[in-house]
Structures are given as C-alpha cells and as structure tokens.
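The analysis underlying the following values was restricted to heavy atoms, covering all of them including side chains, and did not include hydrogens, waters or symmetry mates. These numbers come from a predicted model, not from an experiment. A note on names: the letters A, B, ... follow the listed sequences, proteins ahead of strands, and every chain is numbered from 1.
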Amino acid sequence: MPELPEVEAVKRGLNQLVLGKTIKDIQIYWPRIITTDLALDQWVALLQGQRIEAMDRRGKYILFILSQDTLVSHLRMEGKYLFYPANQLPINKEKHTHVRFIFTDGNELHYHDVRKFGRIQLLDGHDVSPYFQAKGLGPEPLSNEFQLADFRWGLAGSSRSIKPLLLDQSLVVGLGNIYVDEVLFLAQIHPLKPANQLTESESKALFEAIGRILAQAVEAGGSTIRTYRNSLGEAGKFQQDLKVYGQAGRPCPRCGTELVKIRVQQRGTHYCPSCQHL
DNA sequence: AATCGTACCTGGCTGC
DNA sequence: TGCAGCCAGGTACGAT
C-alpha cells in the first residue's frame with residue numbers, strides 16, 4: 001500500500017495515539033508477520049514493559065522507539081494500524097488483524113493486513129543505522145542528506161531503466177509505484193530510459209521532482225487509491241493531484257496526448273508517450 | 001556483481 | 001451465479 005507520504009502520515013497519527021504507552025502484552029495471530037529467530041513468547045517477553053518513547057520513520061519503515069529497543073514495522077502493500085481506546089475494543093478482532101499490542105492502560109493497537117505481506121521486527125537498542133545500511137537504503141529525499149551530486153553519480157553508474165532503479169530504494173528511499181510515475185511525468189522522463197543516459201538537466205529535473213512531489217504528497221496526507229487510511233482512520237488527499245497514475249486513456253494534462261499504461265518489470269506504469277522522452 | 005523473475009497473500013473486478 | 005484470470009501504494013530471495 002503505502003509509499004513515503006502514506007507512511008509518514010501513519011507515523012504522525014501513531015505519534016498522537018500511542019506515545020508514552022507501555023506494552024503489557026502482544027497477541028500474534030499470523031506468526032510470519034514477526035521476523036525473529038526467537039520463539040514468539042520470548043520475543044513478546046522482550047517487549048513487555050517497554051514504553052513507546054517516540055515515533056520515527058526511515059524510508060517506508062515505521063520506527064517505534066521503545067525504552068530499550070526499536071520496533072521496526074513495514075506495511076508493504078496493505079498494512080494498517082488501528083487504534084482502539086479501552087472502552088471501544090471490538091468484541092471480536094477483525095478478520096485481518098494479525099498482531100494486537102495491548103497497553104497497560106487497556107488501549108490496544110492492532111496491526112491489520114489483508115495480504116499479510118507486512119513485517120515487524122525488534123532491533124536491539126536505538127542505533128538502527130546498521131540495519132538499514134545492510135538493506136542498502138539510500139538517503140531520505142526530504143532531508144539534506146539527499147544531494148544532487150550523489151544522485152547524479154548513482155544514475156551515471158547504472159544502465160538499468162530509470163523506473164526500476166528508483167523503485168529499489170538504493171539511490172533514494174520512499175518512492176513506490178504511484179510516486180515514481182508522477183515524478184517521471186513531472187521531470188518528463190520515459191520510465192524505460194536507461195539511468196546512465198539521462199542528461200544533466202534531466203537528472204536535475206528528476207532530483208527536484210522527487211523532492212517536490214513527495215513534499216506535496218506528505219502535505220496532503222498521502223494518496224488513498226484503494227484502501228489506504230492513516231492510523232486515525234483518515235484518507236489521504238493527494239490522489240486528486242495525481243497526473244498520470246491511474247489516468248491511462250485520459251489526456252495528458254501537459255500536452256493533451258492520450259496517457260498510456262504499460263508494464264515495466266511487472267508493475268503497471270503510466271506515462272505520456274509524447275512528453276516523456278526516451 | 002547486477003538484474004530479473006517469482007514468491008509471499010487475499011480480495012475485487014472483468015469477462016466468459 | 002460461478003469461476004478463472006488478472007490486478008493491486010512492496011520487498012526478499014534464488015536463478016542467471
């Protein structure tokens with residue numbers, strides 16, 4: 001489901017809902033959601049008594065900064081967090097709730113995921129950089145660690161098509177299938193153009209488009225295409241501003257040519273065949 | 001080493 | 001109505 005703007009919205013919602021709460025117990029209904037070498041009851045025991053001190057985000061990963069450790073959560077395609085005050089707990093948990101965090105005040109946070117792709121992992125301590133470094137995650141696009149010179153260097157070093165390269169989170173984190181199409185449209189670059197064939201001005205336009213689109217989408221609370229909701233149950237608004245994603249057959253807002261949809265490495269890919277250049 | 005296909009899952013929609 | 005087939009905001013892993 002979510003890309004950087006949606007994950008940021010979920011994180012901000014959780015920041016309002018669960019900060020300062022202490023984990024009393026955790027019920028796990030689909031064990032594969034939890035990535036651990038431990039037996040699940042031992043894993044839960046590590047978390048019991050820890051307090052949520054802060055919420056953070058790295059790329060599309062949500063971080064629960066706990067008293068001692070860090071809980072890392074990736075929503076993948078359909079993960080959601082549902083918060084229930086103690087006096088509004090569901091009689092029966094929803095069908096797709098796979099993990100229930102029960103707090104000492106009786107409130108609960110449920111991890112809900114129709115496709116069960118999401119993952120939750122506990123990292124020792126608070127220094128999470130080795131974990132993300134091992135995954136090869138690139139810089140945060142909305143921070144000053146994202147630099148044009150590095151970005152250009154990364155593009156020049158790959159003959160892959162630009163879209164799959166941007167999706168792999170190594171040059172920059174946070175783009176997924178919606179925003180990569182939007183960014184390439186704004187920068188007027190064909191999704192199949194080899195990264196090392198981008199001109200200097202295209203590279204710069206792409207760099208700037210990434211920052212602009214993601215910042216606007218964060219501002220709008222993300223995009224709700226199918227089922228996305230933040231943890232307060234609110235939909236995003238940026239879907240109204242999408243120029244090409246889901247718009248195949250409609251006229252290009254820039255030149256009027258009919259937008260098309262193709263498949264690039266199994267992902268639906270939307271673009272304008274006349275103003276995005278190979 | 002880098003890049004690609006496939007697996008992981010369920011449900012909604014389309015078309016026969 | 002029923003059902004097969006395709007599609008969906010992502011990543012990990014094995015094959016090439």
Side-chain angles (χ1 to χ4, degrees), chain A residues 1-11 29-36 57-62 72-81 94-99 111-121 131-132 134-138 141 154-184 191-192 194-196 210 213-214 216-218 220-231 234-249 261-270:
Chain A
M1 147 186 86
E3 308 180 33
L4 185 147
E6 293 77 29
V7 176
E8 178 64 23
V10 171
K11 183 209 83 180
Y29 302 96
W30 188 263
R32 288 190 58 127
I33 300 283
I34 310 296
T35 300
T36 180
R57 177 189 59 73
R58 176 77 174 92
K60 302 175 194 172
Y61 296 80
I62 295 167
V72 179
S73 171
H74 199 301
L75 306 173
R76 297 278 181 93
M77 297 292 267
E78 303 240 17
K80 286 168 191 56
Y81 280 101
E94 298 198 20
K95 180 178 175 191
H96 299 294
T97 287
H98 306 307
V99 182
Y111 178 72
H112 184 278
D113 189 343
V114 169
R115 296 177 73 183
K116 302 175 175 167
F117 284 176
R119 292 294 178 264
I120 296 172
Q121 189 167 0
Y131 174 78
F132 292 114
K135 291 193 181 292
L137 288 203
L155 292 174
S158 175
S159 58
R160 295 175 78 183
S161 298
I162 187 63
K163 173 163 174 171
L165 180 63
L166 291 176
L167 283 177
D168 91 358
Q169 313 296 299
S170 61
L171 281 195
V172 59
V173 296
L175 293 172
N177 204 41
I178 294 179
Y179 296 110
V180 76
D181 283 2
E182 294 299 313
V183 157
L184 290 170
L192 291 173
N196 59 7
I210 291 168
I213 295 278
L214 290 177
Q216 285 174 359
V218 165
S223 302
T224 295
I225 301 297
R226 295 159 13 85
T227 61
Y228 164 74
R229 296 284 144 139
N230 69 20
S231 37
E234 302 160 341
K237 296 188 182 67
F238 196 73
Q239 65 278 10
Q240 298 163 13
D241 296 313
L242 298 175
K243 305 286 195 256
V244 288
Y245 185 87
Q247 307 298 309
K261 180 175 181 182
I262 61 171
R263 206 144 269 278
V264 175
Q265 295 213 214
Q266 342 278 27
R267 314 300 304 275
T269 297
H270 315 72

Less than 4.0 angstrom between a side-chain N/O of A:Arg76 and OP1 or OP2 of B:dC9, yes or no?
no

Within less than 4.0 Å of OP1 or OP2 of B:dT3, is there a side-chain N or O belonging to A:Ser158?
yes

Over how many whole Å does the gap from A:Lys80 atom NZ to B:dT10 atom P extend?
15 Å

Report the distance from atom CG of A:Leu137 to atom OG of A:Ser170, rounding to the nearest 0.5 Å.
9.0 Å

Here the distance between atom C1' of C:dG10 and atom CZ of A:Arg119, to the nearest Å, is 11 Å

In whole angstroms, the gap separating P of C:dA12 from CG of A:Leu75 amounts to 14 Å

Can you name the side chain to side chain donor-acceptor pair (under 3.5 Å) partners of A:Tyr111, sequence neighbours left out?
A:Asp113

For the pair made of CH2 in A:Trp30 and C1' in B:dC9, what is the distance, rounded to whole Å?
8 Å

Within less than 4.0 Å of OP1 or OP2 of C:dG10, is there a side-chain N or O belonging to A:Arg115?
no

Rounding to a whole Å, what distance do you find between A:Glu6:CD and C:dA8:C1'?
14 Å

Could you tell me whether A:Tyr61 contacts a base, only the sugar-phosphate backbone, or nothing, with contacts defined as non-hydrogen atoms closer than 4.0 Å?
sugar-phosphate

So, OP1 or OP2 of B:dG11: does either fall under 4.0 Å of a side-chain N or O from A:Lys116?
no

Quick one: label A:Arg32 by what it contacts on the DNA or RNA (base, sugar-phosphate, nothing), any heavy atom closer than 4.0 Å.
sugar-phosphate

Look at the side-chain N and O atoms of A:Lys60 and state whether any lies under 4.0 Å from the OP1 or OP2 oxygen of C:dT11.
yes

Which residues pass the side chain to side chain donor-acceptor pair (under 3.5 Å) test with A:Gln216, not counting sequence neighbours?
none

Quick one: A:Arg267 CZ to C:dC7 P, roughly how many Å, whole number?
13 Å

Does A:Arg160 come within less than 4.0 Å of A:Asp168, counting only side-chain N to carboxylate O?
yes

For B:dG11 and A:His96 - does any side-chain N or O of the residue sit under 4.0 Å from the phosphate oxygens OP1/OP2?
yes

Work out how far the P atom of B:dC9 is from that of C:dG14, and round it to whole angstrom.
16 Å

For C:dT11, does either OP1 or OP2 sit under 4.0 Å from a side-chain N or O belonging to A:His74?
yes

Centroid separation under 6.0 Å, is that true for the rings of A:Tyr29 and A:His98?
no

Quick one: look up who B:dG5 pairs with, Watson-Crick or G-U, both distances under 3.5 Å, and put none if it's unpaired.
C:dC13

Which of these nucleotides, B:dT10, B:dG5, C:dA8, is closest to any side-chain atom of A:Gln266?
B:dG5

So, is A:Ser159 close to the B:dT3 phosphate, meaning a side-chain N or O under 4.0 Å from OP1 or OP2?
yes

Rounded to the nearest Å, what distance is computed from the CG atom of residue A:Leu192 to the C1' atom of nucleotide B:dC4?
14 Å

OP1 or OP2 of B:dG11 under 4.0 Å from side-chain N/O of A:Lys95:
yes

Parallel under 30°, tilted from 30 to 60°, perpendicular over 60°: which one fits the rings of A:Tyr179 and A:Phe238?
tilted

If I take atom CG in residue A:Leu166 and atom P in nucleotide C:dG10, what distance separates them, rounded to the nearest angstrom?
13 Å

A:Phe117 stacking on B:dC8: centroids under 5.5 Å, ring planes under 30°?
yes

